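To keep things clear, I will list the structure first and then write my remarks on it.
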Amino acid sequence: MTQIFAHRGYSAAYAENTMSSFVAAEKAGADGIEFDTQLTKDGVVVVIHDEKVDRTTTGSGFVKDYSFKEIRKLNANKKGIKKEPIPSLEEVLEWLKTNKLICNIEFKNGLIPYEGMEEKVVELVRKYDVADRIIISSFNHYSIVYNYQLAPEIETAPLFIEGIYMPWIYAQSIRAKAIHPKHSAVSDHIIRMTIENGIEVRPYTVNRGQDMRRLFNVQCSAIITDDPVKALRIRKEYEKRP
Ligand code: G3P
Ligand code: CA
């Protein structure tokens, strides 16, 4: 059965990358969550998509220029009523211990290299003993290979926007167990071939019903979507089939 990962949590209905959006995804029945990580000035791994806090919070400037104490004062739910802080990765992993969700941590270290982020993430994953439910992905493939070298017990998956030739060969060559392509970058044939060759396929960001149906039909490993409730409803149609 195709798994459903909530992209930045249940971000179609809650502020992205907040504890509320993760908790709502879990309550809705998603199989997993996806979120993005950056590093503060004092080296704390925090959960936020952009290098700058401007779009999603009440603050302005780069994440890397805030201490954790300072960044926690910002409101990551600026369109909502209830104030919510930017979560730390540690906070998310602590909560993850209370449920069975799969957790896809995307390293946002393509523009800013965030030296030491891999080590810090590995340390936290080991501290909370959740390696079997973690997938590390990134557009920075050097970083996920480095993460694999540090912690081969943690699954890695390269993200890509464009179609690449025989992606399973590439995934195998960097010891990744999966690929996370943009959904329009993989045909049904490529999805089937990749899975047949032992590599999972989890396309992003799948929000339209017709795209969800295509991927459920082809028995894709997982989809990453802003709307896990819609995806769960559509997936039910496929569960009823013999
Ligand atoms: O992990 C898949 C997807 O989240 C990658 O793109 O920009 O939404 O982080 P973006
Ligand atoms: Ca992401």
Side-chain angles (χ1 to χ4, degrees), residues 2-19 21-22 24-25 30-39 45-57 62-63 76 86-89 92-93 96 101-114 117-118 121 125 133-145 147 154-164 167 170-171 174 176-186 190-191 194 199-208 211-212 215 220-228 230-231:
T2 304
Q3 292 177 324
I4 293 166
F5 286 14
H7 182 240
R8 311 181 194 175
Y10 184 1
S11 59
Y14 295 81
E16 67 177 58
N17 286 333
T18 58
M19 286 311 300
S21 71
F22 302 145
D31 302 293
I33 54 170
E34 183 269 3
F35 57 81
D36 311 283
T37 59
Q38 315 257 356
L39 219 55
V45 185
V46 286
V47 178
I48 178 167
H49 182 273
D50 301 355
E51 288 74 21
K52 293 178 95 174
V53 298
D54 303 51
R55 180 179 61 85
T56 55
T57 79
F62 286 94
V63 173
I86 293 172
S88 65
L89 176 63
V92 179
L93 296 186
L96 202 74
L101 285 177
I102 302 163
C103 180
N104 175 195
I105 304 171
E106 183 191 342
F107 290 170
K108 278 287 185 226
N109 54 358
L111 294 176
I112 300 172
Y114 292 130
M117 186 154 85
E118 296 90 347
V121 171
V125 168
R133 289 193 280 143
I134 302 290
I135 301 155
I136 305 285
S137 66
S138 185
F139 288 104
N140 180 345
H141 299 183
Y142 291 93
S143 174
I144 59 169
V145 171
N147 205 89
I154 306 175
E155 181 176 329
T156 54
L159 277 159
F160 53 88
I161 295 177
E162 305 288 351
I164 59 172
Y170 176 62
I174 61 166
K177 293 265 180 350
I179 56 169
H180 290 192
K182 185 172 179 181
H183 70 89
S184 52
V186 276
I190 289 293
I191 292 171
T194 306
I199 300 294
E200 310 281 14
V201 183
R202 305 188 189 99
Y204 72 92
T205 305
V206 187
N207 290 335
R208 292 192 308 179
D211 296 325
M212 291 178 180
L215 295 164
C220 201
S221 317
I223 61 166
I224 302 174
T225 178
D226 294 339
D227 195 340
K230 177 178 174 180

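The first residue of the sequence shown is numbered 1, and numbering continues consecutively from there. Counting convention: from 1, in listed order, for ligands and their atoms alike. Not measured: the values here are computed from a predicted model.
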Subject >> Geometric class of the F139/Y204 ring pair [parallel <30°, tilted 30-60°, perpendicular >60°] >> reply: perpendicular
Subject >> Which N, O or S atom of E34 lies nearest to the Ca ion (ligand 2), by name >> reply: OE2
Original post:
Side chains of S143 and E118: donor-acceptor distance under 3.5 Å anywhere?
Top reply: yes
Subject >> Intermediate values then yes/no, side-chain hydrogen bond (donor to acceptor under 3.5 Å, both in side chains), N109 and S138 >> reply: CA-CA 8 Å; N109 54 358; S138 185; 3.2 Å; yes
Original post:
Closest to the Ca ion (ligand 2), which N/O/S atom of E106 is it?
Top reply: OE1
Original post:
Is there a donor-acceptor pair under 3.5 Å between the side chain of N17 and the backbone N or O of F35?
Top reply: no
Original post:
By atom name, which N, O or S atom belonging to D36 lies closest to the Ca ion (ligand 2)?
Top reply: OD1
**OP:** For E200 and K177, indicate whether the former's side chain and the latter's backbone hold a donor-acceptor pair under 3.5 Å.
**Re:** no
Original post:
Is E34 reaching over with its side chain to a backbone N or O of R8, donor-acceptor style, under 3.5 angstrom?
Top reply: yes
**OP:** Look at atom NZ of K182 and say whether more than 12 heavy atoms of other residues, nucleotides or ligands are closer to it than 6.0 Å.
**Re:** no
Subject >> Neighbouring protein residues of ligand 1 - any heavy atom closer than 4.0 Å >> reply: H7, R8, E34, D36, H49, E106, K108, F139, L159, Y204
